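Here's the structure we're looking at; comments come further down.
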There are 2 protein chains.
Amino acid sequence: MRPLFHPALEDIRPEAILYALADPERAAIFAWLSGAGCGGTCSALGQLGERVIPKSSLSNHFKVLRESGLILSERQGVEMRNQTRCAELDDRFPGLIKAILTAYGQIPGQPKAD
Amino acid sequence: MRPLFHPALEDIRPEAILYALADPERAAIFAWLSGAGCGGTCSALGQLGERVIPKSSLSNHFKVLRESGLILSERQGVEMRNQTRCAELDDRFPGLIKAILTAYGQIPGQPKAD
DNA sequence: TCCGTAGTTCAGAAATTCGGAACTGTTGAT
DNA sequence: ATCAACAGTTCCGAATTTCTGAACTACGGA
């Protein structure tokens with residue numbers, strides 16, 4: 001398994017953030033991570049809406065979130081702990097993440113942090 | 001030519017907004033419209049960066065922006081006047097558009113409203 | 001060592017995007 | 001009325017991207 005790539009704060013690009021969160025499934029995962037304190041794992045999530053997300057897709061979602069700079073992933077034993085980089089991100093793109101999560105929050109049945 | 005479709009304010013979805021603005025070219029067009037008062041046309045734009053955007057692509061960009069709810073297009077004689085729906089949008093998704101434009105504004109050589 | 005669990009990588013099918021060429025619709029000139 | 005020019009749209013094939021089942025790697029117990 002290749003080492004995980006995380007972009008430096010200054011290399012994070014707005015188009016990558018928007019792309020990553022333009023997928024409601026990914027946005028839901030991110031919202032869940034934002035709410036879940038820290039250390040959300042792939043399998044602790046399992047299913048977010050009615051649909052069971054295949055694990056290869058799930059893995060890919062986490063990769064996109066990671067490489068866009070939205071989350072930090074760290075292997076811990078057999079599992080992968082994920083946490084958001086919200087604080088850093090808000091420093092770089094003020095208000096962006098919050099506005100996006102708020103926007104999604106207004107749609108019933110869409111990503112909720114919990 | 002089919003009549004132009006514009007979603008009602010309440011039908012505008014955050015994923016559509018993010019998708020539309022995740023493309024830097026489209027974001028640049030939108031930023032340009034935001035800055036250009038009102039009535040930006042396809043051809044008044046022509047080229048935004050170094051690249052000349054093919055007109056079929058340009059047409060498609062405007063369509064995506066329109067159908068996501070970001071802009072309002074209206075035929076005026078031979079050309080198409082476009083304006084943003086910023087005010088409405090800020091009502092529905094507070095702070096979202098501004099945060100996105102600000103985020104892009106921080107990248108040198110990226111979308112600037114002008 | 002062998003098994004189970006967590007997650008990644010691979011590969012091919014399906015879906016999407018891109019853009020040149022042809023087309024539509026409008027205006028103005030002859 | 002006909003024609004030409006212009007603004008923008010639609011069509012469609014090529015190239016790219018996304019999705020996901022299956023095979024694989026990595027780690028931790030027993």
Side-chain angles (χ1 to χ4, degrees), chain A residues 1-6 13 15-16 18-30 32-33 36 38-68 70-83, chain B residues 1-6 13 15-16 18-30 32-33 36 38-68 70-83:
Chain A
M1 192 181 50
R2 307 194 189 89
L4 304 174
F5 171 73
H6 293 89
R13 317 212 108 237
E15 58 266 42
L18 298 191
Y19 167 80
L21 297 179
D23 180 322
E25 218 158 64
R26 226 143 40 209
I29 294 171
F30 184 76
W32 174 71
L33 283 178
C38 64
T41 65
C42 245
S43 58
L45 160 45
Q47 115 179 54
L48 215 52
E50 35 247 44
R51 189 175 96 98
V52 178
I53 307 174
K55 64 178 184 166
S56 60
S57 303
L58 210 43
S59 178
N60 188 55
H61 283 330
F62 276 101
K63 183 183 177 194
V64 171
L65 290 171
R66 182 169 56 244
E67 301 195 341
S68 69
L70 281 161
I71 67 172
L72 210 67
S73 309
E74 196 178 2
R75 173 143 232 162
Q76 201 142 88
V78 74
E79 50 186 31
M80 194 71 87
R81 319 241 99 196
N82 296 285
Q83 58 189 299
Chain B
M1 191 182 47
R2 307 193 189 85
L4 304 173
F5 171 73
H6 293 89
R13 317 213 108 239
E15 58 266 40
L18 298 191
Y19 168 78
L21 296 180
D23 180 323
E25 217 158 65
R26 227 143 39 208
I29 294 171
F30 183 76
W32 174 71
L33 282 178
C38 65
T41 65
C42 246
S43 57
L45 161 42
Q47 110 180 59
L48 215 53
E50 36 247 46
R51 190 175 95 96
V52 178
I53 307 173
K55 64 180 186 167
S56 61
S57 304
L58 211 44
S59 178
N60 188 56
H61 284 330
F62 277 102
K63 182 182 178 195
V64 171
L65 290 171
R66 180 169 58 244
E67 301 196 340
S68 69
L70 280 162
I71 67 171
L72 209 68
S73 310
E74 197 180 0
R75 175 143 229 166
Q76 202 142 84
V78 73
E79 50 187 30
M80 193 71 89
R81 319 241 97 196
N82 296 287
Q83 59 189 297

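Each chain gets a letter, A, B and so on, in the order its sequence line appears, and its residues count up from 1. Since the model is a prediction, treat every value here as computed from it, not as a measurement.
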From [X] [atom1] over to [Y] [atom2], what is the distance, rounded to the nearest 0.5 angstrom?
{"X": "A/Ile53", "Y": "A/Arg26", "atom1": "CD1", "atom2": "CZ", "value": "10.5 Å"}
{"X": "B/Glu15", "Y": "B/Ser68", "atom1": "CD", "atom2": "OG", "value": "11.0 Å"}
{"X": "A/Ser57", "Y": "A/Lys63", "atom1": "OG", "atom2": "NZ", "value": "13.0 Å"}

ask   = Where each residue is assigned the nucleotide of DNA chain D containing its nearest heavy atom, which of A/Gln76 and A/His61 is assigned the position nearer the 5′ end?
value = A/His61
ask   = If you check the A/Ser59 side chain, which of D/dT20, D/dT10, C/dG7 turns out closest?
value = C/dG7
request  = When you get a sec, tell me which of C/dC18, D/dT9, D/dT20 is the closest nucleotide to the side chain of B/Arg66?
outcome  = D/dT9
Can you measure [X] atom [atom1] to [N] atom [atom2] for me and round it to whole angstrom units?
{"X": "B/Asp23", "N": "C/dC18", "atom1": "CG", "atom2": "P", "answer": "6 Å"}
{"X": "A/Leu58", "N": "D/dA22", "atom1": "CG", "atom2": "C1'", "answer": "17 Å"}
{"X": "A/Leu4", "N": "C/dG7", "atom1": "CG", "atom2": "P", "answer": "12 Å"}
{"X": "B/Phe62", "N": "D/dT10", "atom1": "CZ", "atom2": "P", "answer": "15 Å"}
{"X": "A/Arg51", "N": "D/dC19", "atom1": "CZ", "atom2": "P", "answer": "8 Å"}
{"X": "B/Lys63", "N": "D/dC11", "atom1": "NZ", "atom2": "P", "answer": "9 Å"}
{"X": "A/Ile53", "N": "D/dT18", "atom1": "CD1", "atom2": "P", "answer": "16 Å"}
{"X": "A/Leu65", "N": "C/dT8", "atom1": "CG", "atom2": "P", "answer": "12 Å"}

remark   = Rounded to 10°, the helix from C/dT1-D/dA30 to C/dT30-D/dA1 deviates from straight, judged by its five-pair end axes, by 10°
Any donor-acceptor pair under 3.5 Å from A/Arg75 side chain to A/Gly77 backbone = yes
note = B/Ser73 meets the side chain to side chain contact (heavy atoms under 4.5 Å, CB included) criterion, sequence neighbours left out, with B/Leu4, B/His6, B/Arg66, B/Ile71, B/Met80, B/Asn82
Contacts of type side-chain hydrogen bond (donor to acceptor under 3.5 Å, both in side chains), residue A/Glu67, not counting sequence neighbours = none
Could you go through nucleotides 4-6 of chain C and list every protein N or O atom that sits under 3.5 Å from one of its N or O atoms, giving the distance for each pair?
residue, atom, partner, partner atom, Å
C/dA6, O4', A/Val78, O, 3.3

remark   = Looking only at heavy atoms, the pair that brings B/Pro24 and B/Ala22 closest together is CD-O, 3.4 Å
task = Write down the atom of B/Phe30, the atom of B/Leu70, and the distance for their closest heavy-atom approach.
result = CE1-O, 3.5 Å
Tabulate protein N/O versus nucleotide N/O from nucleotides 13-17 of chain C, keeping only pairs under 3.5 Å, one per line.
residue, atom, partner, partner atom, Å
C/dT17, OP1, B/Tyr19, OH, 2.2

query = C/dC18 phosphate, OP1 or OP2: any side-chain N/O from B/Ser57 under 4.0 angstrom?
reply = no
task = Begin from the C-alpha positions of B/Leu65 and B/Leu21 and carry the test side chain to side chain contact (heavy atoms under 4.5 Å, CB included) through to its verdict.
result = CA-CA 8 Å; B/Leu65 290 171; B/Leu21 296 180; 4.2 Å; yes
